[in-house]
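Note that the structure is a prediction, hence the values are computed from the model and not measured.
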Amino acid sequence: LGSGKQPVAINRDGTPLVMWQQDTSLISIRTLGERPTQFATSARFPAAIFLPAAKRALVAYEQGPAKEKQPGIVIERW
């Protein structure tokens, strides 16, 4: 799918959602066969979960400078 580290993949009602860290960005694919797109910048350590009752996925990741300041945690619908 692409180069990088910290891969995450979930199945959202038959649709695969894939995300990974590439350098300081998070890259994602929402449909197999499509071109990867940038999901977030200055971000790392993605985690994802599918909530069947809500038919939604949530993704969480760390964002912000890694060494200079305290990075923040972002949680959003995917």
Side-chain angles (χ1 to χ4, degrees):
L1 297 172
S3 62
K5 57 186 177 182
Q6 305 290 339
V8 173
I10 61 172
N11 180 346
R12 180 182 172 191
D13 274 351
T15 302
L17 301 173
V18 183
M19 179 180 289
W20 64 92
Q21 181 181 333
Q22 188 171 326
D23 298 321
T24 60
S25 295
L26 294 181
I27 307 299
S28 70
I29 294 177
R30 294 177 185 243
T31 304
L32 290 180
E34 80 175 15
R35 185 179 183 141
T37 58
Q38 183 171 288
F39 183 83
T41 59
S42 187
R44 59 208 154 271
F45 309 122
I49 187 170
F50 176 63
L51 306 170
K55 296 190 183 273
R56 297 201 171 214
L58 295 178
V59 64
Y61 54 92
E62 185 178 285
Q63 189 171 41
K67 296 183 180 185
E68 297 173 14
K69 298 179 181 179
Q70 186 72 9
I73 301 296
V74 177
I75 301 172
E76 58 185 279
R77 284 179 257 174
W78 190 20

Validation: residues 41-57 side-chain donor-acceptor distances under 3.5 Å, sequence neighbours left out:
residue : atom : partner : partner atom : Å
S42     : OG   : G64     : O            : 3.4
R44     : NE   : E62     : OE2          : 2.8
R44     : NH1  : G64     : O            : 3.1
R44     : NH2  : E62     : OE2          : 3.3
R44     : NH2  : G64     : O            : 2.5

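- In this structure the side chain of L58 reaches within 4.5 angstrom of the side chain of R77, judged on heavy atoms.
- Here the side chains of R12 and W78 are not in contact, with every heavy-atom distance at 4.5 Å or above.
- Hydrophobic clustering (ILVMFWY, side-chain heavy atoms < 4.5 Å, transitive): V59 and L17 are in one cluster.
- For the pair Q6/Y61, no side-chain contact is recorded, criterion being any heavy-atom separation below 4.5 Å from C-beta on.
- For the pair R30 and T15, the tightest heavy-atom approach, listed with the atom from each and the gap, is O-CG2, 3.2 Å.
- With sequence neighbours excluded, no residue forms a salt bridge (Lys or Arg N to Asp or Glu O under 4.0 Å) with K5.
- In this structure, the separation between CD1 on I27 and OG on S3 is 8.5 Å, given to the nearest 0.5 Å.
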